[in-house]
Amino acid sequence: MQDVSKPPHGTLSVADLRFAPPALPPARLAEALRRAYGLEGTLKPLAGERDQNMRLRTSNGDYLAKVANPTEDPALIDFQIAALEHLAARDGTLPVPRMIPASDGALTVPVPHAGETLSLRLLSFLPGTPLNATNHVSERVGRDIGHMLGRLNRAFTGFSHPAATHFMPWDTLNGLLESRQLSQDYLPDHLRSRCAPVIRRLAATGLPAMRAMPQVMIHGDAHSGNILIAPEEPDRVCGLIDFGDMIAGPVLQELAVALASLIEHEADPVAISIACLQGFAAASPLPLDQLPYLHDAILARMILTVELLTFRVQHDLSGAASLVRTELPRSIRALDRELDTDPQDFTRRVLDAANQME
């Protein structure tokens with residue numbers, strides 16, 4: 001496995017992203033589910049960067065079928081399975097997917113197709129509406145997200161895996177943010193000049209400080225597309241999905257991913273950060289010594305998000321058309337706004353509030 005701090009040759013290629021889900025025909029997938037799990041029903045395609053995801057609707061409930069990209073390292077599949085099994089054992093009420101074993105007890109099922117052997121997994125399907133579909137961000141939602149991440153942090157205690165330091169493109173500490181290739185080729189012209197001094201500052205101080213922080217297991221992808229809102233209750237978070245971007249990283253990074261996404265939905269940066277930290281503190285100790293770098297971590301995530309979404313669009317990777325319509329413009333607007341935020345004022349107000357939570 002590649003060390004988390006080293007990007008592949010200092011640049012990024014389409015092969016590094018592996019944003020090309022397999023295309024197992026639905027009839028072939030249905031046959032594999034019937035044979036291995038004894039389940040039959042209707043299949044509905046769901047979005048996925050690297051996996052082919054299908055919702056299986058049966059008379060006894062719904063499931064999520066995941067077919068891994070054939071280039072995915074088997075160690076990464078094992079990593080995700082082991083993490084979900086650990087969470088189920090540590091906190092059975094945590095609203096995250098659960099692994100569903102096949103009839104023979106196996107947690108992965110090989111499916112031969114077109115000269116390759118694909119890996120199939122079945123998970124529980126969590127009901128709820130993605131936050132990015134409701135676009136309703138309130139301080140209550142922020143607190144709920146923080147509380148869920150705090151519970152997740154507590155439940156992950158004691159879990160480790162050899163694949164936890166693999167190269168993950170969305171990891172802000174993997175070196176890509178300092179890459180001249182990404183900032184030159186994948187930032188809009190007006191943002192390139194605005195971000196240049198920020199990236200230099202992050203490379204000199206913020207990112208090294210974050211890499212030196214204690215590493216724990218983090219979901220790493222708690223953005224608004226993976227946060228579920230309870231039906232008929234727009235202020236209640238009811239689930240967190242997609243553990244495909246898990247890594248070992250500082251707790252600060254986990255919080256920054258969620259906050260960057262909430263700010264993209266035009267939440268007040270200070271108010272939503274304080275609400276999220278309040279929720280986290282109710283479930284797990286706040287990393288007070290890391291919080292002076294929270295604004296840096298949020299900016300790092302926002303910059304990398306614009307770069308990687310632009311990369312996907314320019315290379316016409318999975319979901320590129322929808323990115324152009326919604327996610328990329330929203331991310332660009334949010335980064336523009338956040339670059340206008342006074343980092344010292346943000347940090348002072350957030351730290352003052354956090355110190356009162358102790």
Just distance, no hydrogens or angles: give the donor-acceptor pairs under 3.5 Å from side chains in residues 188-196, sequence neighbours left out.
unit_1	atom_1	unit_2	atom_2	d
D189	OD1	R192	NH1	3.1
D189	OD1	R192	NH2	3.0
H190	NE2	D336	OD2	2.8
R192	NE	S183	O	3.4
R192	NE	Q184	O	3.2
R192	NH2	Q184	O	3.3
R192	NH2	L187	O	3.0
R194	NH1	D336	O	3.3
R194	NH1	D336	OD1	3.0
R194	NH2	D340	OD1	2.6

Check [Y] with [X], please: is the shortest side-chain N to carboxylate O separation under 4.0 Å?
| X | Y | result |
| --- | --- | --- |
| R301 | D221 | yes |
| E31 | R28 | yes |
| D185 | R180 | no |
| D91 | R151 | yes |

- Find the distance between CD1 (I298) and CD1 (I303) and round it off to the nearest 0.5 Å. 12.0 Å
- For the atom pair CG (L123) and CG (L84), what is the distance rounded to the nearest 0.5 Å? 6.0 Å
[X]-[Y] side chain donor-acceptor pair, cut-off 3.5 Å:
| X | Y | value |
| --- | --- | --- |
| S103 | R35 | no |
| E72 | S119 | no |
| N60 | T58 | no |
| H223 | N226 | yes |
| H295 | E338 | yes |

- Is any side-chain heavy atom of L299 less than 4.5 Å from a side-chain heavy atom of L339?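 Sidechains of L339 and L299: in contact.
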- Item | Parallel, tilted or perpendicular: ring planes of F159 versus H161, cut at 30 and 60 degrees |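 Aromatic pair F159/H161 classed tilted.
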- Item | Pair H219 + F243: ring centers closer than 6.0 Å | yes
- Query: How about Y186 and F311: are their ring centres within less than 6.0 Å of each other?
  - Reply: yes
- Flag yes if V237 and L259 sit in one hydrophobic cluster, no otherwise; membership is Ile, Leu, Val, Met, Phe, Trp, Tyr, and two members link when side-chain heavy atoms are under 4.5 Å apart.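 Yes, V237 and L259 fall within the same hydrophobic cluster.
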- With H265, which of N132, N135, T134 fulfils side chain to side chain donor-acceptor pair (under 3.5 Å)?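 So, applying the side chain to side chain donor-acceptor pair (under 3.5 Å) to H265 and each of N132, N135, T134, only N135 qualifies.
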- Can you name the closest pair of heavy atoms from I81 and T108 and give their distance? CD1-CG2, 3.4 Å
- Item | G150 to A283 - nearest heavy-atom pair and separation |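 In terms of heavy atoms, the two residues are closest at C-CB, 3.7 Å.
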- Who passes side chain to side chain donor-acceptor pair (under 3.5 Å) against E307, sequence neighbours left out? none
- Task: Identify, with sequence neighbours excluded, every residue that meets side chain to side chain donor-acceptor pair (under 3.5 Å) alongside E254.
- Result: none
- Message: Tell me which one of D62, T42, L39, L29 satisfies side-chain contact (heavy atoms from CB on, under 4.5 Å) with L56.
- Response: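 Per the side-chain contact (heavy atoms from CB on, under 4.5 Å) rule, the option paired with L56 is L39, out of D62, T42, L39, L29.
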